[in-house]
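Below, all heavy atoms of this structure are taken into account, side chains as well, without hydrogens, waters or symmetry copies.
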Amino acid sequence: IMFHSTLALSLLLIAVSSNLAMAIKKEKRAPQTLSRGWGDEITWVQTYEEGLYQAKKSNKPLMVIHHLEDCQYCQALKKAFAENEEIQEMAQNNFVMLNLMHETTDKNLSPDGQYVPRIMFIDPSLTVRADITGRYSNRLYTYEPQDIPILIENMKKALRLIQTEL
């Protein structure tokens, strides 16, 4: 009887620990969605072309975020962006959203160079809005975590521009 209860207990411990190991593994691996950590509640388009199509069709501005996985500035901005409720809410409801980890062939999306992070707005008439910029004169479309209030203002500006141009 002692052997059976020891065996049963051992098997129980093995089962529990393997389930725990699987649960821990699942916890660590974030789902690889199109959000790439920028906001899982946001509906993201997959390509620039799809973004342009959706912007035109829905009459919403397209917000394009250029970033790289191994860029510390991108990671810092992504964290601030994902944690900001106002940005997440506006992005989900009022914008067509795209985040890219590669350059597009559209030269209008790199008017002052190819750098990351870079956030640009394209209105439903498919015009890249060169008038919606961050606070840096050398990298017009870059934002840092402390620039979140500027980004929010720029998102509101993009929405106002569409309403006045309709």
Exercise for the section: State plainly whether one hydrophobic cluster holds both V64 and L161, where clusters connect Ile, Leu, Val, Met, Phe, Trp and Tyr through side-chain heavy atoms under 4.5 angstrom apart. Expected result: no

Exercise for the section: Would you confirm whether D112, through its side chain, and L140, through its main-chain N or O, come within 3.5 Å as a donor-acceptor pair? Expected result: yes

Exercise for the section: Check whether any side-chain N or O of K79 sits under 3.5 Å from a backbone N or O of W38 as a donor-acceptor pair, and report yes or no. Expected result: no

Problem - Close side-chain approach of F121 and M155, heavy atoms under 4.5 Å - result: yes

Exercise for the section: Taking Q92 for its side chain and T43 for its backbone only, find out whether a donor-acceptor pair lies under 3.5 Å. Expected result: yes

Problem - Nearest atoms (heavy-atom pairs only) where P61 meets N94 - result: CD-O, 3.4 Å

Exercise for the section: Determine yes or no for a side-chain-to-main-chain donor-acceptor pair under 3.5 angstrom, with N84 supplying the side chain and I87 the backbone. Expected result: yes

Handout entry: T127 (side chain) donor-acceptor with D123 (main chain) under 3.5 angstrom
Key = no

Completion exercise
Only residue of M97, M120, R118, M101 satisfying side chain to side chain contact (heavy atoms under 4.5 Å, CB included) with I65 is M97

Practice task
Determine, for R139 against E144, whether the closest basic-nitrogen to carboxylate-oxygen distance falls under 4.0 angstrom.
Solution key: no

Handout entry: Atom OH of Y53 with >12 non-hydrogen neighbours under 6.0 angstrom
Key = no

Handout entry: Short side-chain to backbone donor-acceptor contact, N99 and L34, under 3.5 Å
Key = yes

Handout entry: Under 3.5 Å: donor-acceptor pair, side chain of T33, backbone of S35
Key = yes

Practice task
State whether E153 and K157 are salt-bridged, where the test is any N-O pair (Lys NZ or Arg NE/NH1/NH2 against Asp/Glu carboxylate O) under 4.0 Å.
Solution key: no

Problem - hydrophobic_cluster_shared for V116 and I132, side chain cutoff 4.5 Å - result: no

Exercise for the section: State, to 0.1 Å, how close I150 and G134 come at their nearest heavy-atom pair, and which atoms those are. Expected result: CG2-CA, 4.3 Å

Problem - Separation of N154 CG from R135 CZ (nearest 0.5 Å) - result: 12.5 Å

Completion exercise
Taking every heavy atom of A82 against every heavy atom of G37, the minimum-distance pair comes out as CB-O, 3.4 Å

Exercise for the section: Taking only Lys NZ, Arg NE, NH1 and NH2, and the carboxylate oxygens of Asp or Glu, determine whether K156 and E86 approach each other closer than 4.0 Å. Expected result: yes

Exercise for the section: Fit a plane to each ring of W44 and F81, take the angle between them on a 0 to 90° scale, and name the class: parallel (under 30°), tilted (30 to 60°) or perpendicular (over 60°). Expected result: tilted

Fill in the blank from the handout: In short, Y143 meets L77 closest at the heavy-atom pair O-CD2, 3.6 Å

Fill in the blank from the handout: What one should report as the nearest heavy-atom pair of L62 and G51 is CD2-C, 3.7 Å

Handout entry: ILVMFWY network linking Y115 to Y136, side-chain heavy atoms under 4.5 angstrom
Key = no

Exercise for the section: Verify the cluster assignment for I148 and M63: are they in a single hydrophobic cluster under the rule of side-chain heavy atoms below 4.5 Å apart? Expected result: yes

Practice task
Report yes or no: does T142 contribute a side-chain atom to a donor-acceptor pair with the main-chain N or O of P117 at less than 3.5 Å?
Solution key: yes

Problem - K57 bridged to E50 by N-O distance under 4.0 Å - result: no

Exercise for the section: Report whether V45 and I122 are members of the same hydrophobic cluster (ILVMFWY, side-chain heavy atoms less than 4.5 Å apart, transitive linking). Expected result: yes

Handout entry: Minimum-distance pair of heavy atoms, taken over all atoms of K60 and I162
Key = C-CD1, 4.1 Å

Practice task
Establish, from distance only, whether the side-chain atoms of E83 and Q88 form a donor-acceptor pair under 3.5 Å.
Solution key: no

